[in-house]
Chemist: 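Take a look at the following structure, please.
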Amino acid sequence: MADDSTPPSAQLAAVTVSDDASVLKAEFSDRVLIRSIISRPDGGSGLAGQKIRIGGWVKTGRKADKDAFAFLELNDGSCASNLQVIVKADKYDLGQLVQTGTCLSVDGVLKLPPDGKKQKVELDVDKVIHVGPVDPAKYPLPKTRLTLEFLRDHVHLRSRTNTISAVTRIRNALAFATHSFFHKHGFLYVQTPIITTSDCEGAGEMFQVTTSFSEAEKLEKDLIENPPPSEADIEAAKLIIKERGDDVAQLKSAKASKQEIGAAVAELKKAKDNVLKMEERSKLKPGIPQKDGKVDYTQDFFARQAFLTVSGQLQVESYACALSSVYTFGPTFRAENSHTSRHLAEFWMVEPEIAFAELEDDMNCAEAYVKFLCQWLLDDCREDMQFMADKIDKTCIDRLTMVAKTPFKRITYTEAVDLLIDAVKKGKKFENHVEWGIDLASEHERYLTEVLFQKPVIVYNYPKGIKAFYMRLNDDLKTVAAMDVLVPKVGELIGGSQREERYDVIMSRIEEMGLPAEPYEWYLDLRRFGTVKHCGFGLGFERMVLFATGIDNIRDVIPFPRYPGRADL
């Protein structure tokens, strides 16, 4: 049994991948995971003679010995490796079983393969329990090598490929490692809203959330099917009010019973209510509600403009200012019409926030977190990382090892610009001009980390003009206490800062940047009432997966990529 110091994922492995001559069934499925067989130190050979049930999808299949039996490579997604399965012709129609993509559930006996074979164990099938057949003429994922670009057109099936399934397991490991790191260091996980009224970045590239269009369509349809009342209709209804009023007056003068008068008053009220409804309906106009020539958001679902969040940072700060160390991990959105290999419209961010902490603490936390993630993959995802090294990027394991073991270089923004200018003087050509005040481009970031220092670099104290309003103004009044963690392969991996805790300073920054103060009143309250020095950062989760795997396009490291023109499924 694993001791308390063993990482949770390793403890799980200790349970499911045993060294003894027995194999455990999956706890919530009537089968044995392929991982628990072939990921053992002996490759599964110690389980020879065990009768088990497995399920999975055929990667490759072929008939042999004049169609007397078939060899199938079966994978259930629990690991990168396949289990070889042997099915005799008297057990099932082999023509159906050998097709790539076929789903199988089978009972059989594990046995040692003949000497000289690569695999350590194989399954001799006794009974075929289930077959999910595939028509090879229609199945879009043949066993030939497929490009990642092609697979984006079949996003619902691409997880069956070796590369995407490996990326998914690596992504899962990084998510688990993220929660483990922050739990270990006493952070609380806070779920921040996806719908927000605040623009964290101040860039304005946000998806709007509104029901105005659907409500306008419903109203237009309703007005066609049930036209609003005309003035004549309303006047006729008002005459009915007069008639009902006269009825009440006559009953009262005739000293009618309370019951009769009450009934007449009820009819009068009904007539008045009817006129009010008719007058309201007569005011309805097709289209989106407007006021003073602008969209009237008070008529929208949230009674104000709302957006999909670009960051959970502002909201999670409110919890840091009460619970000290917190983090959020969730989807964020940006309506940037970018078609580059580095941008998505929907992406995930890990955003910790630390109270009673300054920029130095922020950099220390970011460095420790990145190192932790890299070491976790080296310890817990070795097979998938080896697949990436073999098929995608031969340097990916060395890169993870270097980052996990090497202290990060720390330089100011001014020092970084001086180094880049010096490189230009020595003949280095950049597409983007270098001068103090620019936002460093990816080529600049990668030059610093891949060429100049050949290790991760933290650049800090950026010009205030290129950073957000909430970053703490330094004493020079020109720079802010911001930092970026740059790594080989992707450039910027983390962006963070010490937050501006001084009320008067943050108010002047909001005014300076031309932002409306009203949406940030709640945020300013954190400075009005019990303000505290605090800091935080955001790690682009997909960029971390890119960095780890060596894959080139960010669209291939998220299960369902969203980018301009594409939102499949």
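Quick caveat, the model's predicted, so the values are computed rather than measured. When reading the values below, keep in mind they use all heavy atoms of this one structure, side chains included, and skip hydrogens, waters and symmetry mates.
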Chemist: What pair of heavy atoms forms the shortest contact from Met402 to Pro456, and how long is it?
Modeler: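 Heavy-atom minimum between the residues: SD-CD, 3.6 Å.
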Chemist: So that I can tick it off, tell me whether Arg53 and Asp30 are bridged by a salt bridge, with the cut-off set at under 4.0 angstrom between side-chain N and carboxylate O.
Modeler: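 Yes, charged N to carboxylate O under 4.0 Å.
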Chemist: Begin from the C-alpha positions of Leu83 and Leu123 and carry the test side-chain contact (heavy atoms from CB on, under 4.5 Å) through to its verdict.
Modeler: CA-CA 8 Å; Leu83 178 65; Leu123 185 72; 4.2 Å; yes
Chemist: Between Asp126 and Lys91, is there a side-chain N and carboxylate O pair less than 4.0 Å apart?
Modeler: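 Between Lys91 and Asp126 there is no salt bridge, as every charged N stays at least 4.0 Å from the carboxylate O atoms.
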Chemist: Measure across Gly43 and Val121 and return the closest heavy-atom pair with its distance rounded to 0.1 Å.
Modeler: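 Between these two residues, the closest heavy atoms are O-CG1, 3.6 Å.
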Chemist: As an exercise, state the distance from SG of Cys396 to CG of Leu546, rounded to the nearest 0.5 Å.
Modeler: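 CG of Leu546 is found 12.5 Å from SG of Cys396.
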Chemist: Output yes when Arg31 and Asp76 qualify as a salt bridge under the 4.0 Å nitrogen-oxygen rule, no when they do not.
Modeler: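 So Arg31 pairs with Asp76 through a salt bridge.
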Chemist: Keeping the roles fixed (side chain from Lys51, backbone from Asp107), state whether a donor-acceptor pair exists under 3.5 Å.
Modeler: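 Side chain of Lys51 to backbone of Asp107, a donor-acceptor pair under 3.5 Å: no, none is there.
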Chemist: Using the side chain to side chain donor-acceptor pair (under 3.5 Å) criterion, which residues pair with Asn82? Sequence neighbours excluded.
Modeler: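 Partners of Asn82 under the side chain to side chain donor-acceptor pair (under 3.5 Å) test: Asn75.
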Chemist: Determine whether Lys221 and Leu219 make a side-chain contact, defined as any pair of heavy atoms from C-beta on separated by less than 4.5 Å.
Modeler: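 A side-chain contact is absent here, since even the closest heavy-atom pair is not under 4.5 Å.
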Chemist: More than 12 heavy atoms of other residues, nucleotides or ligands under 6.0 Å from NE2 of His154: is that the case?
Modeler: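 Above 12, so yes.
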Chemist: Hey, does the side chain of Thr168 reach the backbone of Ile164 with a donor-acceptor pair shorter than 3.5 angstrom?
Modeler: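 Answer holds: yes.
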Chemist: Does the distance from a Lys or Arg side-chain N to an Asp or Glu carboxylate O, for Arg171 and Glu542, drop under 4.0 Å?
Modeler: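 Salt bridge flag = yes for Glu542 with Arg171.
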Chemist: Side chains of Thr340 and His343: do they bring a donor and an acceptor to under 3.5 Å?
Modeler: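 Their side chains do contain a donor-acceptor pair, which is all the 3.5 Å distance test asks for.
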Chemist: Please walk me through it: do His130 and Ser105 pass side-chain hydrogen bond (donor to acceptor under 3.5 Å, both in side chains)?
Modeler: CA-CA 5 Å; His130 166 79; Ser105 177; over 6 Å; no
Chemist: Are Gln191 and Thr328 linked by a side-chain donor-acceptor pair shorter than 3.5 Å?
Modeler: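 Note: Gln191 and Thr328 side chains miss the donor-acceptor criterion.
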Chemist: Considering non-hydrogen atoms only, spot the tightest contact between Val316 and Glu353 and give its length.
Modeler: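 Minimum heavy-atom contact is CG1-CB, 4.0 Å.
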Chemist: For Asp439, enumerate each residue passing the side chain to side chain donor-acceptor pair (under 3.5 Å) test, keeping only those at least two apart in sequence or located in another chain.
Modeler: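 Expected list: none.
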Chemist: Is the side chain of Ser29 donor-acceptor paired with the backbone N or O of Ala26 at a distance under 3.5 Å, no angle test?
Modeler: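 Between the backbone of Ala26 and the side chain of Ser29 there is no qualifying donor-acceptor contact (under 3.5 Å).
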Chemist: Between Arg334 and Phe207, is NZ or CZ placed under 6.0 angstrom from the six-membered ring centre and within 45° of the ring axis?
Modeler: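 Checked: cation-pi criterion not met.
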Chemist: Just do the ring pair (Phe, Tyr, Trp, His ring centres under 6.0 Å) check on Phe181 and His185 with the steps written out, would you?
Modeler: CA-CA 6 Å; Phe181 174 83; His185 291 285; 4.5 Å; yes
Chemist: Can you measure from CG (Leu74) to CG (Leu104) and round to the nearest 0.5 angstrom?
Modeler: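 Reported to 0.5 Å precision, the distance equals 5.5 Å.
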Chemist: With a 3.5 Å cut-off and no angle check, do the side chains of Gln454 and Glu450 form a donor-acceptor pair?
Modeler: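 No.
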Chemist: Please walk me through it: do Phe182 and Tyr369 pass ring pair (Phe, Tyr, Trp, His ring centres under 6.0 Å)?
Modeler: CA-CA 8 Å; Phe182 289 113; Tyr369 172 47; 5.1 Å; yes
Chemist: Keeping the roles fixed (side chain from Asp300, backbone from Thr211), state whether a donor-acceptor pair exists under 3.5 Å.
Modeler: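 It does hold such a pair.
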Chemist: Got a salt bridge between Arg410 and Glu367, using NZ or NE/NH1/NH2 to carboxylate O under 4.0 Å?
Modeler: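 Salt bridge present between Arg410 and Glu367.
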Chemist: Distance check, rounded to the nearest 0.5 Å: Phe560 atom CZ versus Ser159 atom OG?
Modeler: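 Reported value, rounded in 0.5 Å steps: 7.0 Å.
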Chemist: Check step by step if side-chain hydrogen bond (donor to acceptor under 3.5 Å, both in side chains) holds for Ser212 and Thr210.
Modeler: CA-CA 5 Å; Ser212 294; Thr210 179; 3.0 Å; yes
Chemist: Using ring-ring contact (aromatic ring centres under 6.0 Å, His included) as the criterion, list what pairs up with Tyr447, not counting sequence neighbours.
Modeler: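 Once residues adjacent in sequence are excluded, the partners of Tyr447 under the ring-ring contact (aromatic ring centres under 6.0 Å, His included) criterion are Phe430.
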Chemist: Tell me yes or no: between the side chains of Glu351 and Ser311, is some donor less than 3.5 Å from an acceptor?
Modeler: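 Result is yes, a qualifying pair exists.
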Chemist: Given Ile34 and Ser78, is the side-chain contact (heavy atoms from CB on, under 4.5 Å) satisfied, shown in steps?
Modeler: CA-CA 7 Å; Ile34 289 175; Ser78 60; 4.1 Å; yes
Chemist: With distance as the sole criterion, is a donor-acceptor pair present between the side chains of Arg399 and Thr395 under 3.5 Å?
Modeler: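 A pair is found: one side chain offers a donor N or O, the other an acceptor, under 3.5 Å apart.
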Chemist: Start with the C-alpha distance between Leu373 and Thr178, add both sets of side-chain angles, then the distance that settles side-chain contact (heavy atoms from CB on, under 4.5 Å), and finish with yes or no.
Modeler: CA-CA 7 Å; Leu373 293 181; Thr178 291; 3.8 Å; yes
Chemist: Would you check if the side chain of Asp362 reaches a backbone N or O of Ser497 as a donor-acceptor pair within less than 3.5 Å?
Modeler: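 Answer holds: yes.
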Chemist: For the pair Arg562 (side chain) and Asp568 (backbone), establish whether a donor and an acceptor sit closer than 3.5 Å, ignoring hydrogens and angles.
Modeler: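 Yes, Arg562 side chain to Asp568 backbone: donor-acceptor pair under 3.5 Å.
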Chemist: Answer yes or no: does atom NZ of Lys455 have more than 12 heavy-atom neighbours from other residues, nucleotides or ligands under 6.0 Å?
Modeler: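 Yes, NZ of Lys455 has more than 12 neighbouring heavy atoms, counting only those of other groups under 6.0 Å.
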Chemist: Tyr92 vs Val125, test: side-chain contact (heavy atoms from CB on, under 4.5 Å). Steps then yes/no.
Modeler: CA-CA 10 Å; Tyr92 207 86; Val125 172; over 6 Å; no
Chemist: Report the distance from atom OG1 of Thr196 to atom CZ of Phe333, rounding to the nearest 0.5 Å.
Modeler: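 Those atoms lie 12.0 Å apart.
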Chemist: Before accepting this row, confirm whether a basic side-chain N of the pair Asp115/Lys117 lies closer than 4.0 Å to the acidic partner's carboxylate O.
Modeler: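 Looking at Asp115 and Lys117, the cut-off is not met.
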Chemist: So if I apply the ring-ring contact (aromatic ring centres under 6.0 Å, His included) rule between Tyr327 and each of Phe537, Tyr189, Tyr319, which one comes out positive?
Modeler: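 Testing Tyr327 for a ring-ring contact (aromatic ring centres under 6.0 Å, His included) against Phe537, Tyr189, Tyr319 leaves exactly one candidate, Tyr189.
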Chemist: Does Asp90 pair with Lys88 as a salt bridge, N-O distance under 4.0 Å?
Modeler: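 Lys88 and Asp90: not salt-bridged.
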Chemist: Can you tell me how far apart CE (Met388) and SG (Cys381) are? Round to the nearest 0.5 Å.
Modeler: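 The CE atom of Met388 sits 9.5 Å away from the SG atom of Cys381.
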Chemist: Between Glu443 and Arg446, does any side-chain N to carboxylate O distance fall below 4.0 Å?
Modeler: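 Between Arg446 and Glu443 there is no salt bridge, as every charged N stays at least 4.0 Å from the carboxylate O atoms.
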Chemist: Over 60° means perpendicular and under 30° means parallel, so classify the ring planes of Phe372 and Trp376, tilted if in between.
Modeler: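 The arrangement is tilted - the two ring planes meet at 30° to 60°.
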Chemist: Looking only at heavy atoms, what is the nearest atom pair of Leu344 and Pro561, with distance?
Modeler: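 Heavy atoms only, the tightest pair is CD2-CB, 4.1 Å.
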Chemist: Any salt bridge between Asp556 and Arg158, counting N to O under 4.0 Å?
Modeler: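 Salt bridge between Asp556 and Arg158, a charged N being under 4.0 Å from a carboxylate O: yes.
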Chemist: Working to the nearest 0.5 angstrom, can you tell me the gap between Phe71 CZ and Asp65 CG?
Modeler: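 That separation rounds to 8.5 Å.
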Chemist: Evaluate Lys59 against Asn162 for side-chain hydrogen bond (donor to acceptor under 3.5 Å, both in side chains), listing each step before the verdict.
Modeler: CA-CA 9 Å; Lys59 290 290 186 178; Asn162 293 334; 3.3 Å; yes
Chemist: Take His179 and Phe329 through the ring pair (Phe, Tyr, Trp, His ring centres under 6.0 Å) test and state the conclusion after the steps.
Modeler: CA-CA 9 Å; His179 290 298; Phe329 181 11; 5.5 Å; yes
Chemist: Cut-off 3.5 Å, side chains only: do Thr102 and Gln96 have a donor facing an acceptor?
Modeler: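 No, Gln96 and Thr102 have no side-chain donor paired with an acceptor closer than 3.5 Å.
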Chemist: With a 4.5 Å cut-off on side-chain heavy atoms, are Thr147 and Leu151 touching?
Modeler: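 Contact flag for Leu151/Thr147 side chains = no.
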Chemist: Any donor-acceptor pair under 3.5 Å linking the side chain of Gln99 with the backbone of Val134?
Modeler: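 Absent.
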